[in-house]
Amino acid sequence: MCGIVGYVGPRQAQDVVLDGLRRLEYRGYDSAGIALVVDDAIVFAKKAGKLANLEKAIADAPLPPATTGIGHTRWATHGAPNDVNAHPHLGFGRRVALVHNGIIENFAELRARIEADSDELGLVSETDTEVAAQLLELQLASDIDLTEAMRRVCTQLEGAFTLVAVDAHDPSRVVAARRSSPLVVGLGDGETFLGSDVAAFIEHTREALELGQDQVVTITRSGVEITDFHGNPQEGRRYHVDWDLSAAEKEGHDWFMRKEIFEQPRAVADSLLGRRTAEGLLQLDEMRLSDQELRDIDKIIIIACGTSFYAGMVAKYAIEHWTRVPVEVELSSEFRYRDPIVDYSTLVVAISQSGETADTLQAIRHARTQRSKVLAICNTNGSTIPRESDAVIYTHAGPEIGVASTKGFLTQLVACYLLALYLAQVKGTRFGDEITEVVMQLEAIPAHIESVLDSAESVYELARSLVGTPSVLYVGRHAGYPVALEGALKLKELAYLHAEGFAAGELKHGPIALVEDGMPVLCVVPPRGRDQLHDKMLSGIQEVRARGARTICLAEEGDDRVAPYADVLITLPRVPVLLQPLVAVVPLQLFACELASAMGHDVDQPRNLAKSVTVE
Ligand code: M6R
């Protein structure tokens, strides 16, 4: 949801900013823009559409050299994605240039106030951002520096925002502010960076500084000064980024998504590393909740959005089975608006790959006001959701750039299983050897995923054969049901097709009316160990087949009872039913990626979407 870059140092700011925007483009691609400080003036360029449009505009009309600059790649909220609404926005005297991520909720009131003050301060865009640019410039007129101006403006703003600004009269600094919206600082040698995430500057430094809520940060060549909105000094948390530039590159794949699908064996293995003590007990380093606090928990509510929500649905099966603690799974955007029943004995588990999803962030804030403990499952060190939680389990997927979540999902599942087993260990609801057995089954999963990836070509062929199909259904039961939902979401967001996931047993209550002759129905068949479940799934497959569906069945190897009812059979490795999502979802990811690619869509940057959704 908008990518932001800032730079002060000895290099050409234009190069640093454009490189950073390239790595942040997954956050939004409705428009892109850059502003540089050159000879007491702001020089800028901005263009609707992808970053390539801006790069072309700059190639046609080169910008002068400069060593201080800011940049932005936009996911539109206020105002259409056109050149005028693109960031940066300038103040009325063109002294300030500003980029913004988030929503300034009281912008209409501020705008009315500015417009009432003078005709000369006319605003040209439909954005909330331009209002903040005008306010900054008005503040600078009273002979204060940009840092103080930023502080004064921030105290007038409501909503969630990251603002990054430059002042034409002061090329030595870039000033930023954040409230409930991401921003990290990169600490170089004689140069300093700002980015919505570390990908913006990972090429130049792996030393980063995490910022807190309601802070203003000023970067110069020599370092950083942080204060709150009232000028009180603050400190950031310094950390080392443990992945490098190659993790943010495609490494020979056509899409980041495909690369990330193929990274899943490694990502799952990394997420399991170091979780067992020498005595064979499970350990979760960042847990920060005492055993007693965990034993006191009598209800768990999982909150998440999109793919992370489906990981939460799988977690419910695992946690309830291994711990007998009741689990509710709820969409973050619904949670706080229904007056949920949570208290000190409720554990709220927030699942978020980015750690910045605004709906989930607001939900955990609400949960904490109700005195419940919050545990985050997150992939992004330095992000807001883990920082505002009581405990965290970090997944170790590495940066996920493709807008469609893949390795993020699998590593979330791993973290959920670990949490379930850890709770079982602490509460004593499972014997130690049972827990060890499941952990060993989890440790075997990377090799199983490798074997699924080895047969990617047959899934690709199937996907290509379905170009032109208007609609695809996905069905599953038990832990296969969220897999069906996730498969359908992948196809919707990438191929823009009608795709729906159902619990197989629910088909006969209505959705089966959708089935037409030749309609592809992807069926996630549970392993045979659970005979009743398996039998019922076979009945569901026969019901859709009898109505003309083309059945594409994902079933474990050696499952000869499925073959007669499968028009296409995709075999899965043998794993326990609760762990099956870890292998069953992989062909569905490959399928969506290939079908969308064959349809000519931009797999990494699907229309209307952005990687992290930092507005409610
Ligand atoms: O960063 P988060 O895990 O909080 O993001 C949640 C959803 O926005 C995300 O999973 C989204 O649904 C993906 N585009 C799915 O592929």
Side-chain angles (χ1 to χ4, degrees), residues 1-3 26-29 75 180-182 196-197 199 255-258 260-261 264 267 302-315 329-335 348-364 374 376-389 392-395 397-413 415-416 474 482-483 485-496 499 501 585-586 588-593 596 601-616:
M1 197 112 313
C2 301
Y26 69 93
R27 302 181 72 93
Y29 28 87
W75 188 82
S180 301
S181 191
S196 299
D197 65 50
W255 303 112
F256 276 110
M257 180 188 181
R258 209 185 302 268
E260 288 160 4
I261 293 172
Q264 292 181 119
I302 299 176
I303 47 175
C305 307
T307 289
S308 302
F309 176 74
Y310 300 142
M313 287 179 72
V314 176
V329 191
E330 179 141 16
L331 291 167
S332 310
S333 52
E334 292 294 318
F335 177 71
V348 170
V349 177
I351 309 178
S352 175
Q353 187 283 131
S354 62
E356 298 293 351
T357 299
D359 289 319
T360 305
L361 180 60
Q362 296 305 339
I364 67 168
V374 175
I377 291 179
C378 183
N379 191 42
T380 313
N381 199 334
S383 60
T384 310
I385 289 171
R387 198 175 47 243
E388 295 200 14
S389 298
V392 56
I393 302 177
Y394 279 113
T395 56
E400 192 179 60
I401 312 279
V403 164
S405 185
T406 53
K407 61 178 182 171
F409 178 65
L410 252 64
T411 54
Q412 286 168 347
L413 292 179
C416 290
Y474 293 72
V483 174
L485 293 170
E486 169 61 3
L489 176 62
K490 290 283 94 85
L491 201 64
K492 276 182 244 195
E493 60 181 340
L494 300 177
Y496 321 146
V585 77
V586 178
L588 304 184
Q589 298 167 339
L590 292 166
F591 176 76
C593 179
H601 295 316
D602 185 333
V603 169
D604 287 333
Q605 296 179 350
R607 71 182 180 201
N608 304 340
L609 298 178
K611 182 67 182 165
S612 57
V613 184
T614 53
V615 293
E616 269 191 274

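Atoms within a ligand are numbered from 1 in the order they appear, just like the ligands themselves. We number each residue from 1, following the sequence as shown. Here the structure is a predicted model, which is why all the values come from computation and not from measurement.
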Nearest protein heavy atom with distance in Å, relative to atom 7 (C) of ligand 1: Cys305 O, 3.6 Å
Donor on one side chain, acceptor on other, Ser383 and Glu356, under 3.5 Å: no
Donor on one side chain, acceptor on other, Gln412 and Ser308, under 3.5 Å: yes
I'd like to check which ligand 1 atoms, numbered from 1 as shown, lie under 4.0 Å from a non-hydrogen atom of Ser352. 1 (O), 2 (P), 3 (O), 4 (O)
Within the 4.0 Å heavy-atom shell around Ser405, which atoms of ligand 1 are there? 15 (C), 16 (O)
I need the Lys490 NZ to Leu485 CG distance, nearest 0.5 Å. 11.5 Å
Give the residue and atom name of whichever protein heavy atom lies nearest to atom 1 (O) of ligand 1, and the separation in Å to one decimal. Ser354 OG, 2.6 Å
Proximal ligand 1 atoms for Thr307, defined as those under 4.0 Å from one of its heavy atoms: 10 (O), 12 (O), 15 (C), 16 (O)
Considering only protein heavy atoms, which is closest to atom 2 (P) of ligand 1, and at what distance to one decimal place? Thr357 OG1, 3.2 Å
At less than 4.0 angstrom from any non-hydrogen atom of Ala404, what atoms of ligand 1 do you find? 16 (O)
Run the numbers for me: atoms of ligand 1, each under 4.0 Å from some heavy atom of Val403, listed by number. 13 (C), 14 (N), 16 (O)
For residues Asp197 and Pro182, determine if any side-chain heavy atom of one lies less than 4.5 Å from a side-chain heavy atom of the other. no
Between Phe591 and Tyr474, what is the ring plane arrangement, given parallel below 30°, perpendicular above 60°, and tilted in between? perpendicular
Rounded to the nearest 0.5 Å, what's the gap from CD1 on Ile401 to CD on Glu260? Could you check? 6.5 Å
Of Val314, Thr395, Val349, Ile377, the residue whose pairing with Cys416 passes side chain to side chain contact (heavy atoms under 4.5 Å, CB included): Ile377
Select one of side chain, backbone, both or neither to describe which atoms of Glu493 lie under 4.0 Å from any atom of ligand 1, heavy atoms only. side chain
Ser308 neighbourhood, listing ligand 1 atoms whose heavy-atom distance to it stays under 4.0 Å: 2 (P), 3 (O), 10 (O)
Within-shell test, Lys490 vs ligand 1, heavy atom, strictly < 4.0 Å: yes
Return the closest protein heavy atom for atom 8 (O) of ligand 1 as residue, atom name and distance. Val613 CG2, 4.2 Å
Could you grab the distance from atom CG of Asp359 to atom OG of Ser333, nearest 0.5 Å is fine? 5.0 Å
